[in-house]
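Everything numeric in this text was worked out from a predicted model, so none of it was measured. Sequence positions, counted from 1, serve as the residue numbers for this chain.
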Amino acid sequence: MRTSRTLLAAAASVTLTAAVATTAPAVAAKGSKGPSATVSYAPAATAKIHPGVQMYTEGAQCTANFVYTDGAGATYVGYAAHCAGLGEATDTNGCTAPSLPLGTRVQFVEGGSLISGGTTVGQGTLAYSSWLTMQQRGETDENTCAYNDLALVKVDGADVAKVNPSIPFWGGPVGINTTGTSTGDTVYSYGNSSLRAGIETLSPKQGTSVMTDGDGWSHAVYTVSPGVPGDSGSAFLDGRGNALGTLSTLALAPLAASNGVGDLNHELTYAQQNGGISGLRLVPGTEPFSPIL
């Protein structure tokens, strides 16, 4: 079923008000090959780059979802492919929408927006975009074009020591959801739009999945407060703490104010098969999953 949707990147022009490192094994998504690597990360309490951190790309602000690694031990942080988009908020078809190129610089920011006291805590480079990959491959599958909205930013070597893969407040992820959701399933998220002016109590969100769309590519979810511009790309966990998906859209109809969450198992599998990053996989959190709001 097709819905009327709008993307959730926020323009930065909107006026808004030493510890021991931990380790986490990388988790291979379904269908991936190769052994898991062990990478050192900053403690969750002091890490500057993590799921939920703000990410700025030439004026657009989005929210980081999960941390990833590859066969060479590089570190990546994910957000939505449309965060590097050049079109309108209604351009949700990744097979036709324009995008900034790979190699584009991305800033990690905490403590507010870039124009209201936020601090740049690290930088990276756009290393994978599902939109650019689909266009290069001539992808024609309707559901893939509509819902495959994942990009990966390779963290600069000098900033890797600032990274922790845990979701703030909730902990996890503990793995990858490979079975999707059923109506009524509980989901958890952490948005960090600069529109919230740094009010941290508004970031953790608990909600409910109401349907799966696009042959498993997308989940429509309702949370107490829906995702707003700037929350794009943020992580969603299922009730067991598995990585479920990444925030992509706000539905206008027929499920008004619901959010479209791209299925991470589909998105990451596509990236593994077509993105050219050898050994790409999700990194689990160093903090236990605790679903208590």
Side-chain angles (χ1 to χ4, degrees), residues 7-14 16 41-42 47-70 72-87 89 91 94 97-133 135 148-165 167-168 190-195 227 229-235 246-248 262 264 267-268 271 275-277 280 282-283:
L7 299 170
L8 288 170
S13 59
V14 178
L16 308 169
Y41 293 102
K48 297 296 185 180
I49 301 174
H50 50 77
V53 73
Q54 294 179 30
M55 298 174 69
Y56 280 81
T57 311
E58 293 202 7
Q61 183 255 308
C62 288
T63 299
N65 50 65
F66 303 105
V67 173
Y68 309 81
T69 189
D70 63 16
T75 298
Y76 304 82
V77 176
Y79 70 162
H82 77 255
C83 296
L86 295 172
D91 293 340
S99 172
L100 292 166
L102 298 184
T104 296
R105 298 293 284 166
V106 180
Q107 294 175 282
F108 299 99
V109 176
E110 69 172 5
S113 74
L114 281 176
I115 57 175
S116 62
T119 301
T120 298
V121 295
Q123 298 190 62
T125 301
L126 184 64
Y128 167 77
S129 162
S130 60
W131 283 17
L132 292 173
T133 300
Q135 291 169 24
N148 191 9
D149 190 12
L150 176 69
L152 302 175
V153 174
K154 185 176 182 179
V155 180
D156 285 0
D159 295 320
V160 169
K162 303 174 183 177
V163 177
N164 183 277
I167 308 295
Y190 189 91
N192 197 15
S193 172
S194 55
L195 293 172
D231 285 339
S232 270
S234 54
T246 61
L247 182 62
S248 180
L264 184 67
E267 292 179 322
L268 185 54
I277 300 176
L280 179 64
L282 175 78
V283 177

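When side chains are defined from C-beta on, Thr63 does not count as touching Tyr190, because their heavy atoms never get closer than 4.5 Å. Counting heavy atoms from C-beta on, the side chains of Ser232 and His82 come closer than 4.5 Å. With contacts defined as side-chain heavy-atom distances shorter than 4.5 Å, the pair Asp70/Tyr76 qualifies.
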Chi angles and distances behind the side chain to side chain donor-acceptor pair (under 3.5 Å) call for Ser130, Glu267: CA-CA 8 Å; Ser130 60; Glu267 292 179 322; 6.0 Å; no
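Tested against Val77, the residues Ile49, Leu152, Val106, Asn65 include a single side chain to side chain contact (heavy atoms under 4.5 Å, CB included) partner, Ile49.
Asp149 places a side-chain N or O within donor-acceptor distance of the main-chain N or O of Ala81, the cut-off being under 3.5 Å. Checked by atom type and distance alone, the side chain of Asp159 pairs as donor or acceptor with a backbone atom of Gln123 at under 3.5 Å. Judged by distance alone, with hydrogens and angles left aside, the side-chain atoms of Thr133 form a donor-acceptor pair with the main-chain N or O of Ser129 at under 3.5 Å.
Here Asp156 does not pair with Lys162 in a salt bridge; the nearest charged N to carboxylate O distance is not below 4.0 Å.
Side-chain contact, Thr104 with Glu58: no donor N or O sits under 3.5 Å from an acceptor N or O. Counting only N and O atoms by type, the side chains of Thr120 and Gln107 include a donor and acceptor under 3.5 Å apart.
Closest non-hydrogen pair, Ala60 versus Cys83, comes out as CB-O, 3.6 Å.
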